[in-house]
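Labels below follow one simple rule: chain letters A, B, ... track the order of the sequence lines, proteins then strands, and each chain is numbered from 1.
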Amino acid sequence: MKLSRDFYNRPTLDVARDLIGKVLVHHRRGVRTSGVIVEVEAYIGESDPACHAAPGPTKRNKPLYGPPGFAYVYLNYGIHWLVNAVTEAEGSPAAVLIRALEPLDGIETMRRRRKRRVSDHDLCRGPGNLTIAMGIGQAQNGEDLCGRRLYIEDRGLPQPEEISWGTRIGITVGTEREWRAFVRSHPSVSGRRPRQSAVARLRRS
DNA sequence: AGCAAGATTAGC
DNA sequence: CTAATCTTGCTA
């Protein structure tokens with residue numbers, strides 16, 4: 001079932017938590033790609049120095065101030081497109097950054113879009129990688145997530161048992177807020193992979 | 001008009 | 001550890 005506008009029209013940390021285990025879907029050129037969300041980050045309001053709304057309303061962050069349930073897509077480091085789901089009521093700038101997916105549909109298409117040859121678990125590992133695999137870019141900025149091309153749905157998958165919270169990745173300000181949610185020890189979660197324990201290594205050898 | 005920095009990634 | 005790459009927002 002496709003998530004409704006009401007789903008996004010809630011406190012951002014609640015939306016972030018509930019997005020874990022939901023499925024991001026994109027239809028493009030008749031091809032459907034999708035994946036289970038396993039990692040997200042919340043960016044909340046002008047008082048959050050890491051949020052793009054920190055400088056107040058600008059041309060770029062306009063979607064953040066708009067109604068909930070729309071996509072905010074922007075170019076990062078001049079190279080990577082990152083996709084967010086806008087949350088909270090219109091005029092309240094906040095969003096959830098989608099950082100990693102476990103691929104479900106269209107894996108062959110994803111593999112073609114990614115130039116590198118990687119394992120399935122790495123196809124949508126990292127916010128810049130998943131937009132490439134899903135075919136999401138500038139054209140999807142402002143797209144209605146309650147429409148038919150780009151949306152998030154509940155497929156009734158069991159809510160992952162171990163949702164961990166930690167500090168957000170790759171920012172230099174607002175690092176004290178633990179607004180990153182992820183499925184613990186899931187292979188598609190970005191960031192440095194936790195060092196294998198001595199026992200795990202022995203077991204593998 | 002010029003400039004510094006950025007919600008990343010891959011390669012050395 | 002660092003280059004790649006370009007838009008935004010700030011300063012002049």
Side-chain angles (χ1 to χ4, degrees), chain A residues 8 11-13 15-17 19-20 24 35 37-66 68 70-88 92-103 110-143 145 150 152 164-183 186-195:
Chain A
Y8 302 99
T12 304
L13 291 178
V15 177
R17 177 199 60 216
L19 279 179
I20 301 289
L24 178 66
I37 298 171
V38 296
E39 181 188 4
V40 298
E41 283 177 359
Y43 290 87
I44 311 174
E46 296 176 349
S47 61
D48 172 6
C51 181
H52 281 183
T58 64
K59 186 179 173 186
R60 174 172 72 157
N61 64 28
K62 193 170 179 181
L64 290 177
Y65 287 84
F70 284 79
Y72 171 48
V73 181
Y74 77 97
L75 187 63
N76 177 252
Y77 289 103
I79 308 171
H80 307 288
W81 293 98
L82 307 200
V83 61
N84 298 251
V86 174
T87 60
E88 306 194 14
S92 179
V96 174
L97 169 70
I98 313 294
R99 290 191 56 93
L101 311 172
E102 176 185 295
M110 291 183 181
R111 199 174 293 289
R112 197 178 334 118
R113 287 173 178 158
R114 294 286 312 273
K115 302 297 182 200
R116 298 178 53 75
R117 131 169 199 284
V118 296
S119 70
D120 285 7
H121 278 138
D122 285 341
L123 280 173
C124 298
R125 180 172 185 266
N129 287 333
L130 80 86
T131 53
I132 295 174
M134 296 283 294
I136 296 172
Q138 188 169 37
Q140 279 67 46
N141 189 28
E143 181 112 1
L145 295 179
L150 180 64
I152 303 174
S164 300
W165 290 86
T167 55
R168 295 170 292 181
I169 289 181
I171 54 175
T172 54
V173 289
T175 50
E176 72 286 349
R177 295 167 165 83
E178 300 205 326
W179 287 353
R180 170 174 178 253
F182 55 102
V183 180
H186 191 286
S188 292
V189 169
S190 68
R192 275 191 71 88
R193 288 189 167 95
R195 202 180 111 82

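Rounding to whole angstrom units, CG of residue A/D122 and P of B/dT9 are separated by 11 Å. Rounding to whole angstrom units, OH of residue A/Y74 and C1' of B/dT8 are separated by 9 Å. One atom, CZ of A/R168, and another, C1' of B/dA7, lie 8 Å apart when rounded to the nearest Å. Rounding to whole angstrom units, CD1 of residue A/I79 and C1' of B/dA10 are separated by 10 Å. Atom pair A/D48:CG and B/dG6:P shows a separation of 14 Å (rounding to whole Å applied). Protein atom CG of A/L75 is 13 Å distant from nucleotide atom P of B/dT9, rounded to whole Å. The CD1-P distance, from A/I136 to B/dT8, rounds to 16 Å in whole Å.
Donor-acceptor pairing under 3.5 Å, judged by distance alone, is absent between the side chain of A/H80 and the base of B/dA7.
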Run A/S188 and A/R125 through side-chain hydrogen bond (donor to acceptor under 3.5 Å, both in side chains) and show every step you take.
CA-CA 5 Å; A/S188 292; A/R125 180 172 185 266; over 6 Å; no
Could you go through A/W165 and A/L13, starting from their C-alpha distance and side-chain angles, then the distance that decides it, and tell me whether this counts as side-chain contact (heavy atoms from CB on, under 4.5 Å)?
CA-CA 11 Å; A/W165 290 86; A/L13 291 178; 4.1 Å; yes
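Nucleic acid contact class of A/R180 (heavy atoms, under 4.0 Å, all strands): none. If you check every strand for non-hydrogen atoms under 4.0 Å, A/N129 touches sugar and phosphate atoms only. Within 4.0 Å (heavy atoms only), A/R60 reaches sugar-phosphate atoms of the nucleic acid but no base atom.
At least one side-chain nitrogen or oxygen of A/R116 sits closer than 4.0 Å to the OP1 or OP2 atom of B/dG11. For A/N76 and B/dA5, the shortest distance from a side-chain N or O to OP1 or OP2 is not below 4.0 Å. Note on A/R114: a side-chain N or O is less than 4.0 Å away from OP1 or OP2 of B/dA10.
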Report the secondary structure of DNA chain B in dot-bracket form, marking unpaired bases with a dot and bases paired to a different strand with |, and treating Watson-Crick or G-U pairs with both distances under 3.5 Å as paired.
||||||.||||.
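The backbone N or O of A/F70 lies less than 3.5 Å from no partner atom in the side chain of A/E143, so there is not a single donor-acceptor pair. Within the 3.5 Å criterion, the main-chain N or O of A/T12 finds a donor-acceptor partner in the side chain of A/E88. Using modelled atom types, one side-chain atom of A/N61 and one backbone atom of A/G56 make a donor-acceptor pair closer than 3.5 Å. The main-chain N or O of A/R177 is never found under 3.5 Å from a side-chain atom of A/T167 such that the two would form a donor-acceptor pair.
Of the residues listed (A/V15, A/I44, A/L64), the one engaging A/T87 in a side-chain contact (heavy atoms from CB on, under 4.5 Å) is A/V15, and it is the only one.
The structure places CG of A/L75 at 9.5 Å from OG1 of A/T131, a figure rounded to the nearest 0.5 Å. A/L130 CG to A/L101 CG: the interatomic distance, rounded to the nearest 0.5 Å, is 4.5 Å.
If you check residues 170-179 of chain A against DNA chain B, the residues with a heavy atom closer than 4.0 Å are A/G170, A/I171, A/T172, listed by number.
Note that the first and last nucleotides of DNA chain C, 5' to 3', having any atom under 4.0 angstrom from a heavy atom of chain A are C/dA4 to C/dC10.
Proximity of the aromatic rings of A/Y74 and A/H52 is defined here by a centroid distance below 6.0 angstrom, and this criterion is met.
Between A/D120 and A/R111 a salt bridge is recorded (basic side-chain N to carboxylate O distance below 4.0 Å). Taking the charged nitrogens against the carboxylate oxygens, A/R168 and A/D48 do have a contact shorter than 4.0 Å, which makes a salt bridge.
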